[in-house]
Engineer: 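A single structure is presented below for examination.
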Amino acid sequence: MQSRRLTLGIETSCDETSVAVVEDGRRVLSNVIHSQVDLHRGFGGVVPELAARDHLERLPHLLDLALEGAGAKPADLDLIAVTRGPGLAGCLLVGVGVGEGLAAAWSRPLTGVNHLWGHIYAAMLTRPDLEPPLLGLVVSGAHSDLVRMPEHGRFEVIGRTRDDAAGEAFDKAARMLGLGYPGGPALDRLARTGDARRQPLPQPSLKGLEYSFSGLKTALLYRLRDLGESVSPQDKADLAAAFERSVVESLLEKLDAALSDSPYPEVVVSGGVAANTLLRKRAAEVVGNRARLTMPPLELCTDNAAMIASAGYYAARVLGRQASTVDPSLGW
Ligand code: KG4
Ligand code: ZN
């Protein structure tokens with residue numbers, strides 16, 4: 001029997017510090033995540049310098065917890081996989097610096113990982129039998145990307161946003177509605193108590209597979225301005241529901257079009273916004289029986305190191321180990 005291959009994953013691209021141990025790129029042995037929401041809440045958004053410093057302070061302890069949780073020692077690790085981008089420069093530097101330090105101290109190989117690939121590989125952790133080819137929709141704080149994945153380690157972007165990412169749009173709408181940070185989950189909760197039909201907002205519609213959410217954002221701003229002082233808590237809930245519906249239907253309209261253009265056996269919807277209640281429900285309806293849909297569980301949708309370990313394992317296997325140079329604007 002072949003021995004198990006363990007990958008240590010490190011993720012520090014934004015406001016989650018995470019360390020994980022994954023077996024054979026598929027089985028999560030440990031996935032320790034520290035969210036910095038409490039640190040940034042008072043500022044209404046992520047403060048990059050504070051985020052980077054906090055990653056540095058917390059990594060050593062999280063590393064101990066991840067190894068302990070997996071019952072693994074440094075000598076058991078076959079690979080160290082660290083996010084090299086996209087993300088906040090200072091935050092990425094902390095993760096890569098620690099990864100390089102550990103690789104040198106423990107004489108273990110290191111590979112840099114594309115965070116976006118990680119969001120797709122979160123689905124591989126969810127379903128151990130899942131293999132490309134697949135159609136992916138990655139919706140996060142900075143991306144709304146439709147991608148084709150013909151095989152491991154290869155991605156082709158077929159659609160993206162012209163302006164705001166879906167998560168960014170949710171965060172900004174949440175701020176307008178006075179919901180604070182983190183906006184997406186708060187808007188999701190409020191939307192559950194609202195009715196989109198009472199405060200309908202336009203659904204963005206661009207030709208092709210492109211997204212745009214800036215017009216929708218402006219529509220919300222004007223509606224709130226018109227309502228002025230008279231805006232009631234119920235109005236806000238209805239607006240949250242309407243905004244959520246417009247974003248979700250727009251995301252799925254393009255997914256539907258891509259699926260109609262060419263058949264895919266598998267569809268993956270992931271990234272932080274894939275934690276959204278309505279998106280999870282509607283994605284299943286829209287995909288229907290045309291393909292098998294995988295949406296990772298919530299803890300694998302938002303940023304985590306297990307998905308980085310999985311992506312790093314496969315990328316190293318099919319492409320060789322990747323450079324760990326930090327690239328804040330790394331694309332697919
Ligand atoms: O993937 P992620 O954790 O970090 C990035 O790589 O950006 O995604 C974070 C984004 C944020 O914009 C957050 O507001 C959004 O995902 N988000 C949600 C929900 N949970 C997280 N948006 C809508 N509904 C949610 N339940
Ligand atoms: Zn992410």
Side-chain angles (χ1 to χ4, degrees), residues 9-18 20 31 33-37 40-41 44-46 48 51 55 83-88 91-92 95 113-123 136-145 147 160-161 164-177 179-192 194 213 216-217 240-252 268-283 295-308 310-311 328-332:
I10 301 173
E11 158 63 34
T12 63
S13 67
C14 188
D15 56 352
E16 263 96 22
T17 321
S18 180
N31 189 21
I33 305 166
H34 172 78
S35 161
Q36 298 181 349
V37 286
H40 302 294
R41 187 171 281 121
V46 180
H55 286 310
T83 304
R84 62 176 286 252
L88 299 168
C91 294
L92 293 164
V113 180
N114 184 325
H115 180 88
L116 297 169
W117 292 20
H119 278 302
I120 292 286
Y121 277 92
L137 172 63
V138 173
V139 274
S140 70
H143 292 83
S144 307
D145 294 339
V147 295
R160 54 161 52 101
T161 179
D164 288 352
E168 196 180 356
F170 276 133
D171 292 336
K172 287 178 180 167
R175 201 168 307 147
M176 287 186 234
L177 291 165
L179 301 178
Y181 158 93
L187 189 135
D188 185 344
R189 277 192 301 277
L190 183 62
R192 304 280 70 74
F213 299 111
L216 174 63
K217 216 175 48 189
F243 191 89
E244 181 192 56
R245 183 170 76 174
S246 290
V247 172
V248 165
E249 293 308 326
S250 166
L251 290 173
L252 294 176
V268 168
V269 179
S270 66
V273 177
N276 180 266
T277 312
L278 183 67
L279 179 61
R280 294 184 86 84
K281 176 171 168 281
R282 289 285 298 131
M295 296 187 79
L298 302 196
E299 71 277 12
L300 291 177
C301 274
T302 46
D303 291 348
N304 67 89
M307 69 183 197
I308 300 303
S310 176
S329 51
L330 185 65
W332 286 90

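For ligands, and for the atoms within them, numbers begin at 1 and follow the listed sequence. One is the number of the first residue; the rest follow in order along the sequence.
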Engineer: Run the contact test for H119 against ligand 1 with a 4.0 Å cut-off on heavy atoms, strictly below, and give the result.
Structural biologist: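 Right, H119 reaches ligand 1.
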Engineer: Does a side-chain heavy-atom distance below 4.5 Å link S140 with E168?
Structural biologist: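 In short, these two side chains do not touch, never coming nearer than 4.5 Å.
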Engineer: Just jot down the ligand 1 atoms closer than 4.0 angstrom to any heavy atom of G167, in number order.
Structural biologist: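 Selected atoms, number and element: 12 (O).
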Engineer: Considering only heavy atoms, does P185 approach ligand 1 within less than 4.0 Å through its side chain, its backbone, both, or neither?
Structural biologist: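 For P185, the contact with ligand 1 is made by both the backbone and the side chain.
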Engineer: What I'd like to find out is whether the side chain of D164 reaches to under 4.5 Å of the side chain of L216, using heavy atoms alone.
Structural biologist: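 Contact flag for D164/L216 side chains = no.
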Engineer: Should Q36 and T17 count as side-chain neighbours, where that means a heavy-atom distance under 4.5 Å?
Structural biologist: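 Of all side-chain heavy-atom pairs linking T17 with Q36, at least one is under 4.5 Å.
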Engineer: So for ligand 1, is T277 a polar contact partner (N or O within less than 3.5 Å, distance only)?
Structural biologist: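 It does not: no N or O of T277 is found under 3.5 Å from an N or O of ligand 1.
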Engineer: Side chains of L298 and R280: does their closest heavy-atom pair fall under 4.5 Å?
Structural biologist: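 Answer yes - side chains close enough.
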Engineer: With the side chain counted from C-beta on, respond yes when R84 and L92 share a heavy-atom pair under 4.5 Å apart, and no when they do not.
Structural biologist: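 R84 vs L92: side chains apart.
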Engineer: Consider ligand 1: state whether an atom of it lies below 4.0 angstrom from any non-hydrogen atom of A142.
Structural biologist: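 Yes, A142 has a heavy atom closer than 4.0 Å to ligand 1.
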Engineer: Could you tell me whether H143 approaches ligand 1 through its side chain, its backbone, both or neither, with non-hydrogen atoms closer than 4.0 Å?
Structural biologist: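 Neither; nothing of H143 gets under 4.0 Å from ligand 1.
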Engineer: From the Zn ion (ligand 2) out to just under 2.8 Å, does an N/O/S atom of H119 turn up?
Structural biologist: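 Of the N, O and S atoms in H119, at least one lies under 2.8 Å from the Zn ion (ligand 2), which means yes.
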Engineer: A side-chain contact here means heavy atoms from C-beta on lying under 4.5 Å apart; do T83 and T12 qualify?
Structural biologist: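 Side chain of T83 against side chain of T12, heavy atoms only: no contact under 4.5 Å found.
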Engineer: Ignoring hydrogens and angles, state whether a donor on the side chain of H119 or S270 is under 3.5 Å from an acceptor on the partner side chain.
Structural biologist: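 No, because no side-chain N or O of H119 sits under 3.5 Å from a partner of the opposite role on S270.
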Engineer: Can you check whether G184 has an N/O within less than 3.5 Å of an N/O in ligand 1?
Structural biologist: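 G184 vs ligand 1: N/O contact under 3.5 Å present.
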Engineer: Within the 4.0 Å heavy-atom shell around F170, which atoms of ligand 1 are there?
Structural biologist: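 Matching atoms, with element in brackets: 22 (N), 23 (C).
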Engineer: Are any of the side-chain heavy atoms of R245 and R282 separated by less than 4.5 Å?
Structural biologist: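 A side-chain contact is absent here, since even the closest heavy-atom pair is not under 4.5 Å.
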Engineer: For ligand 1, which atoms, with element, lie under 4.0 Å from some heavy atom of G272?
Structural biologist: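 Those atoms are 1 (O), 2 (P), 3 (O), 8 (O), 16 (O), 17 (N), 18 (C), 19 (C), 20 (N), 21 (C).
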Engineer: Taking the side chain as every heavy atom from C-beta outward, state whether V273 and V248 have any atom pair closer than 4.5 Å.
Structural biologist: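 With C-beta onward as the side chain, the pair stays apart.
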Engineer: Backbone or side chain, does H143 get an N/O/S atom under 2.8 Å to the Zn ion (ligand 2)?
Structural biologist: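 No N, O or S atom of H143 is closer than 2.8 Å to the Zn ion (ligand 2), so no.
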Engineer: Does an N or O from T302, backbone or side chain, lie closer than 3.5 Å to an N or O of ligand 1?
Structural biologist: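 No - when backbone and side-chain N and O of T302 are compared with those of ligand 1, no distance drops under 3.5 Å.
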Engineer: Specify the protein heavy atom at minimum distance from atom 15 (C) of ligand 1: its residue, its atom name, and the distance to 0.1 Å.
Structural biologist: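 Here the nearest protein heavy atom works out to V273 CG2, 3.9 Å.
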Engineer: Is it the side chain, the backbone, both or neither of N276 that has a heavy atom closer than 4.0 Å to ligand 1?
Structural biologist: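 Both backbone and side chain of N276 come within 4.0 Å of ligand 1.
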Engineer: Under 3.5 Å, is there a donor-acceptor pair between the E244 and N276 side chains?
Structural biologist: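 Short answer, yes.
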Engineer: Just go through K172, E11, H115, E168 and tell me whose heavy atom is the nearest to atom 6 (O) of ligand 1.
Structural biologist: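 Result: the heavy atom closest to atom 6 (O) of ligand 1 is in H115.
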Engineer: Do R192 and D188 meet the salt-bridge criterion of a basic N to acidic O distance under 4.0 Å?
Structural biologist: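 So D188 pairs with R192 through a salt bridge.
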Engineer: Of the listed options (D171, V138, V46), which comes nearest to atom 13 (C) of ligand 1 when hydrogens are ignored and any heavy atom counts?
Structural biologist: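 Comparing heavy atoms across D171, V138, V46, the nearest one to atom 13 (C) of ligand 1 lies in D171.
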Engineer: Just jot down the ligand 1 atoms closer than 4.0 angstrom to any heavy atom of D188, in number order.
Structural biologist: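 Heavy-atom distances to D188 below 4.0 Å select 24 (N), 25 (C), 26 (N).
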Engineer: Please name the residue in the list N114, I10, V113 that meets the side chain to side chain contact (heavy atoms under 4.5 Å, CB included) test with I308.
Structural biologist: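 The residue from N114, I10, V113 that satisfies side chain to side chain contact (heavy atoms under 4.5 Å, CB included) with I308 turns out to be V113.
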Engineer: If you measure from each non-hydrogen atom of E244 to ligand 1, which part falls under 4.0 Å: side chain, backbone, both or neither?
Structural biologist: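 Within the 4.0 Å criterion, E244 makes no contact with ligand 1.
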Engineer: Which heavy atom of the protein is the closest neighbour of atom 4 (O) of ligand 1, given with residue, atom name and distance?
Structural biologist: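 Ranked first by proximity to atom 4 (O) of ligand 1 is D303 OD2, 3.1 Å.
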Engineer: For R160, is there any backbone N or O sitting under 3.5 Å from a side-chain donor or acceptor partner on D145?
Structural biologist: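 Not a single qualifying donor-acceptor pair exists.
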Engineer: Using only N, O or S atoms, tell me which atom of H115 is closest to the Zn ion (ligand 2).
Structural biologist: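 Result: NE2.
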Engineer: Can you name the N/O/S atom of D303 that is nearest the Zn ion (ligand 2)?
Structural biologist: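 For D303, the N, O or S atom at the smallest distance from the Zn ion (ligand 2) is OD1.
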Engineer: List ligand 1 atoms under 4.0 Å from G141, heavy atoms only on the residue side.
Structural biologist: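 Near G141, the atoms of ligand 1 are 5 (C), 7 (O), 8 (O), 9 (C), 10 (C), 12 (O).
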